[in-house]
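The chains referred to below are lettered A, B, ... by the order of the sequence lines, with proteins before strands, and numbering in each begins at 1.
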There are 2 protein chains.
Amino acid sequence: MGEVTIQQVATEAGVSPSTVSNLLNGRNHRMLPETRQRIETAIDKLGYRPNRAARQLRTGRTSTIGLVVPSVGNPFWGALARHIESAALAEGYHVLLCNSERDPRRERDYIDELWADGVHGVVLCSSLPSLEHVMPLVERGLQLVAFDRTSQAGDPASLVSISVDNAVGSQLATQHLTDLGHRRLAYVSGALASVNRKERYRGFVAGLEQAGLDPAEALRAPTGSGADDFGDVEASELGRAAAAELVALDEPPTAIVAINDMCALGVCRGLRDGGLEVGKDVSVVGFDDIVLADLYAPTLTTVRQPMREMAAAAFSQLRSRLDDPGPSQGQSLLFRPELIVRESTAPPP
Amino acid sequence: MGEVTIQQVATEAGVSPSTVSNLLNGRNHRMLPETRQRIETAIDKLGYRPNRAARQLRTGRTSTIGLVVPSVGNPFWGALARHIESAALAEGYHVLLCNSERDPRRERDYIDELWADGVHGVVLCSSLPSLEHVMPLVERGLQLVAFDRTSQAGDPASLVSISVDNAVGSQLATQHLTDLGHRRLAYVSGALASVNRKERYRGFVAGLEQAGLDPAEALRAPTGSGADDFGDVEASELGRAAAAELVALDEPPTAIVAINDMCALGVCRGLRDGGLEVGKDVSVVGFDDIVLADLYAPTLTTVRQPMREMAAAAFSQLRSRLDDPGPSQGQSLLFRPELIVRESTAPPP
DNA sequence: AGCATGCGGTGCATCGTTGCACCAGTCCGC
DNA sequence: GCGGACTGGTGCAACGATGCACCGCATGCT
């Protein structure tokens with residue numbers, strides 16, 4: 001049980017613990033190469049690893065960051081988590097995983113707890129439009145990188161926002177459909193509860209206008225209890241239900257833009273249930289380009305987010321702010337979306 | 001910055017830090033209700049939260065567990081991570097996420113590091129048949145719960161194994177196909193590098209034999225460089241390539257059993273590429289029942305693992321062993337798989 | 001000789017919590 | 001009225017790493 005301590009290393013190397021500590025922390029400018037060698041040998045021999053708790057207690061710093069996502073069960077967030085974790089690992093950081101399940105209260109509790117644990121940097125994939133609930137901690141020094149959420153008025157000044165340009169992406173998707181000749185489009189999303197969802201819808205509207213169509217005539221589904229928010233796992237359920245509603249119309253749309261890929265897959269499923277063939281009778285576009293978009297039958301036309309780059313940026317932003325003590329200026333990084341055309345879109349029948 | 005310490009709480013409540021600590025740790029058998037009240041008031045007023053690092057340094061205990069999975073980018077592991085994290089949260093535990101990317105070295109390094117961080121309990125979803133690389137730590141007291149891996153000779157005595165009965169599951173799937181009348185079956189997997197994969201294949205063979213078929217005549221794909229291991233994200237690629245190989249045969253199989261759902265989806269994709277219709281020309285069965293199995297077109301017949309229950313069991317096993325100091329006896333928990341019949345299977349044409 | 005400067009380290013207090021050892025006071029029995 | 005037990009706490013020394021202040025020595029400069 002007895003783990004090796006810095007004291008034992010020091011004894012072994014015939015120096016004081018301070019000297020070992022100095023070496024460990026790069027304060028070895030004026031250290032005899034021989035001394036350094038002795039210490040390194042001792043470390044290897046004893047298999048010494050610094051005790052993180054002690055180090056954190058003393059310095060107040062951690063090399064653990066928090067990652068708050070709605071749910072890693074969702075392939076999109078799973079992919080993000082994977083990339084963030086990889087980026088963190090490369091720099092010796094660890095990732096504490098938090099699934100908010102889109103519960104604002106849970107999200108808030110998590111962040112409180114992370115802070116209490118000494119975690120000073122969090123990548124937050126919040127479903128909430130306002131970040132007010134975490135302001136107190138941000139004022140105390142919590143570094144926050146918001147992912148998939150463009151910055152808003154009222155956000156903390158130090159906030160970093162990482163996001164794809166949702167409006168442009170949606171517009172790209174919509175334009176693709178109008179270019180194919182579609183004139184009767186529908187938009188499927190849950191409540192536009194988060195910032196990025198609003199943005200995407202805005203892009204949809206812009207795309208319609210650009211094609212000379214009247215946004216007011218476009219359909220939005222579900223039309224029934226459209227105000228309900230929805231969780232990630234249920235995104236596909238929602239898509240499916242929405243599609244059922246749409247096919248039941250007298251004049252169903254010939255093309256559907258979905259808020260994200262999971263939702264789009266649900267839509268495809270619903271259309272199939274209704275006897276329609278996706279990519280022939282109806283076109284469907286998603287958003288995200290999750291791995292399954294290219295596996296699905298038909299393969300899904302979608303808007304790709306450069307996840308790896310975005311994840312790397314999220315981590316490196318966080319890291320640099322964690323290293324630099326001073327109060328830092330926030331910024332927004334908007335990544336460029338890319339339309340990936342696959343089989344689920346075609347000219348209207 | 002200055003966080004509230006137990007000392008401040010003590011001063012505020014007019015007691016000694018020890019007394020506050022006693023209350024916090026449930027040693028309040030003989031404490032005046034009034035004192036207790038004063039302390040609780042002080043805690044609330046100051047917003048005190050115990051410093052984890054200090055606590056861990058002092059006690060040697062953490063309420064963080066490690067979760068090592070191949071990659072949370074894979075929906076199956078993502079779902080597991082979500083459930084484990086939920087179970088942990090409910091008991092006040094945190095989850096440190098580690099993606100091994102199926103790299104044995106990375107897996108090993110991770111576990112070493114977790115140990116050095118004071119994490120004494122890990123849920124390990126290892127791709128490795130042998131656990132030898134972690135034996136030294138297990139001997140030092142590391143508690144290990146192996147997920148999706150039935151126990152093996154040579155495993156640490158204290159190891160807990162949580163797994164679905166892979167052989168039975170596979171046999172169920174195979175039997176379903178032979179019951180439908182299929183006589184020419186193929187099995188698609190990567191290398192049978194891990195224990196559970198071997199088990200699944202064994203179930204497949206058993207299923208064939210039970211139907212009076214000769215396992216030797218069943219196909220295994222890919223036939224080319226079949227010995228290659230594969231990562232999770234590439235499981236679908238492998239399925240797709242394997243399907244391409246199979247359709248090119250003079251006498252293609254009428255039914256395919258895939259090692260898991262991601263692989264099965266790849267197979268479906270490959271079959272489609274080859275002009276075959278899944279659920280009509282060819283039947284396909286997967287394993288896991290990931291969320292997408294029910295979204296796919298056609299919906300995928302598969303073998304369900306009771307993930308939520310398995311995740312809960314994994315955490316509670318770990319927890320109880322973490323709480324109880326003494327050396328504990330290992331055990332294996334085998335969960336019952338369930339065949340979920342959907343559209344991707346049908347009688348042979 | 002007298003003082004400054006550089007070199008290669010070391011001493012020590014400290015981070016916040018814990019829990020064993022201990023203590024002063026009261027009450028009981030004989 | 002004295003030993004013993006109980007009550008409701010407190011004192012103090014850790015846990016392991018850190019980093020500032022400091023030290024003895026050698027050398028250089030005037």
Side-chain angles (χ1 to χ4, degrees), chain A residues 1-40 42-43 46-64 92 115-120 141 325, chain B residues 1-40 42-43 46-64 92 115-120 141 325:
Chain A
M1 294 292 146
E3 293 307 294
V4 183
T5 74
I6 203 173
Q7 175 62 58
Q8 294 174 40
V9 174
T11 306
E12 174 78 23
V15 295
S16 80
S18 301
T19 306
V20 179
S21 173
N22 285 338
L23 176 56
L24 255 36
N25 292 282
R27 282 184 296 273
N28 57 346
H29 313 289
R30 41 197 198 193
M31 183 180 293
L32 253 31
E34 184 212 315
T35 308
R36 175 188 176 140
Q37 187 57 53
R38 283 215 315 283
I39 296 177
E40 280 168 351
I43 288 179
L46 300 178
Y48 168 71
R49 315 223 30 185
N51 179 313
R52 277 222 195 194
R55 184 175 263 183
Q56 183 184 338
L57 176 59
R58 184 66 236 261
T59 64
R61 272 173 272 135
T62 341
S63 50
T64 297
W115 178 257
D117 286 358
V119 172
H120 288 190
Chain B
M1 293 292 148
E3 292 307 293
V4 182
T5 74
I6 203 174
Q7 173 63 58
Q8 296 174 38
V9 174
T11 306
E12 174 78 24
V15 295
S16 81
S18 301
T19 305
V20 180
S21 172
N22 284 338
L23 177 57
L24 254 37
N25 292 280
R27 282 184 296 273
N28 57 344
H29 313 288
R30 41 196 197 193
M31 182 180 291
L32 253 30
E34 183 213 317
T35 309
R36 174 188 176 140
Q37 187 57 54
R38 283 216 315 283
I39 295 177
E40 280 167 351
I43 288 179
L46 301 177
Y48 169 71
R49 315 223 29 184
N51 179 313
R52 277 224 194 190
R55 184 174 264 185
Q56 182 183 340
L57 176 59
R58 181 68 234 257
T59 65
R61 271 174 272 134
T62 341
S63 51
T64 297
W115 179 256
D117 286 358
V119 172
H120 289 190

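Taking atom CG of A:Leu57 as the reference point, atom P of D:dG19 lies 13 Å away to the nearest angstrom. Note: CZ (B:Arg61) to P (C:dT17) measures 15 Å, nearest angstrom. Atom C1' of nucleotide D:dC15 and atom CG of B:Asn51 are separated by 13 Å, given to the nearest angstrom. Rounded to whole Å, atom P of C:dG16 lies 17 Å from atom CG of B:Asn25. Between the P atom of D:dA17 and the CG atom of A:Leu23 lies a distance of 14 Å, rounded to the nearest Å. For the pair A:Gln56 CD and C:dG16 C1', the computed distance is 11 Å after rounding to whole Å. Nucleotide C:dG9 holds its C1' atom 13 Å from the CD atom of A:Glu34, rounded to whole Å. Put simply, CD on B:Gln7 is 10 Å from C1' on C:dG16, counting in whole angstrom units.
With no hydrogens or angles considered, a side-chain donor-acceptor pair links A:Ser63 and A:Arg52 at under 3.5 Å.
Side chain of A:Thr11 to main chain of A:Gln7: a donor-acceptor pair is present (N/O by atom type, distance under 3.5 Å, no hydrogens or angles). Here the side chain of A:Arg49 pairs no donor or acceptor atom with the backbone of B:Ala116 at under 3.5 angstrom. For the pair A:Thr59 (side chain) and A:Arg55 (backbone), a donor-acceptor distance under 3.5 Å is present.
The side chain of A:Tyr48 has D:dA17 as its nearest neighbour among D:dC15, C:dG19, D:dA17. If you check C:dG19, C:dT17, D:dG16 against the side chain of A:Thr5, the one that comes closest is D:dG16.
The closest side-chain heavy-atom distance from B:Asn51 to B:Glu3 is not below 4.5 Å. Contact annotation: the side chain of B:Gln37 never approaches that of B:Leu32 to less than 4.5 Å [non-hydrogen atoms, C-beta and beyond]. Considering only heavy atoms from C-beta on, A:Thr62 stays 4.5 Å or farther from A:Asp117 through its side chain.
Between D:dC15 and A:Arg55, no contact under 4.0 Å exists linking OP1 or OP2 to a side-chain N or O. In terms of phosphate contacts, B:Arg27 brings a side-chain nitrogen or oxygen within less than 4.0 Å of OP1 or OP2 of C:dG19.
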Its contact letters, B for base, S for sugar-phosphate only and - for none at protein heavy atoms under 4.0 Å, make nucleotides 7-14 of chain D read BBSBBBBB

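Contact annotation for B:Arg52: no contact, since no heavy-atom pair falls under 4.0 Å across all strands.
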